[in-house]
Colleague: 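For reference, the structure I am asking about is given below.
Residue numbers run from 1 in the order of the sequence given. Counting convention: from 1, in listed order, for ligands and their atoms alike.
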Amino acid sequence: MNIRHHLDEATLLSYAAGSLSQGMALVVACHLSMCPHCRERANAQEAIGGSLLEDLKPAELSDDVLNNMLAMLDSPAAAPAELPVAPKPQSDSRLPAPLGDYLGCDLDKVPWKRIVSGISYYDLDCQSGGVSRLMRIAPGKNLLPHTHEGNELTLVLEGSFCDEIGRFARGDVADLDEQVEHQPLVDSNTDCICLIATDAPLKFTSLLGRLVQPVTGF
Ligand SMILES: [Zn+2]
């Protein structure tokens with residue numbers, strides 16, 4: 001796999017800080033499971049974060065800190081927070097492991113919902129604001145031109161597409177902010193399947209896009 005498009009520094013930092021939506025964290029975890037380069041960058045960020053902590057000067061503590069700590073240890077345990085999806089090394093499956101955990105089936109078993117001829121989608125059950133979905137687009141089809149109100153992460157799982165930024169094939173991730181308007185066109189001779197997450201609804205710029213948006217929900 002020859003990955004040419006990687007995650008932004010800011011996206012990796014937000015992922016490490018646990019501040020991404022669940023859908024966007026899933027895209028990041030899937031890319032990390034496919035991309036040794038970004039795994040190395042994520043590890044380097046963690047190391048920098050750790051050394052910054054070590055350099056911090058110890059703060060003065062008031063006398064009741066120890067008592068408060070002991071009181072907290074006695075109180076009933078809070079429910080464990082939901083852990084971010086941990087990137088696992090890629091197995092033989094074509095499906096990135098973190099996505100496999102969510103889907104519970106292979107890509108050919110996904111109950112796709114057709115929007116128009118050649119374009120279908122499947123919403124993932126991890127929506128915490130924004131959109132988290134799989135898109136399946138036939139060769140030669142393009143998505144409607146759109147911009148975003150927030151960030152959009154697109155990870156290619158099968159096939160390829162090209163847009164104003166470049167060509168994206170399996171493992172490539174398009175990490176876009178609201179400045180970018182693009183219209184992806186599928187240029188592979190098989191269906192292009194992508195995992196997409198946004199932290200706000202897409203804004204379609206064409207009249208047709210605005211007409212179908214209330215129907216498709218994005
Ligand atoms: Zn990468």
Colleague: Who passes salt bridge (charged side-chain N to carboxylate O under 4.0 Å, His left out) against D172, sequence neighbours left out?
Modeller: R4
Colleague: Output yes if H37 passes the N/O/S-under-2.8 Å test against the Zn ion (ligand 1); output no otherwise.
Modeller: no
Colleague: Checking D191 now: which residues fulfil salt bridge (charged side-chain N to carboxylate O under 4.0 Å, His left out) with it, not counting sequence neighbours?
Modeller: R136
Colleague: Determine the interplanar angle of the F168 and F161 rings, folded into 0 to 90°, and report it as parallel if under 30°, tilted if 30 to 60°, perpendicular if over 60°.
Modeller: parallel
Colleague: Tell me the angle that ND1 of H6 and SG of C35 form around the Zn ion (ligand 1), rounded to 10°.
Modeller: 100°
Colleague: Whether the R167 and S160 side chains hold a donor-acceptor pair (N or O, under 3.5 Å, no angle test) is what I'd like checked.
Modeller: yes
Colleague: The Zn ion (ligand 1) is nearest to which N, O or S atom of H31?
Modeller: NE2
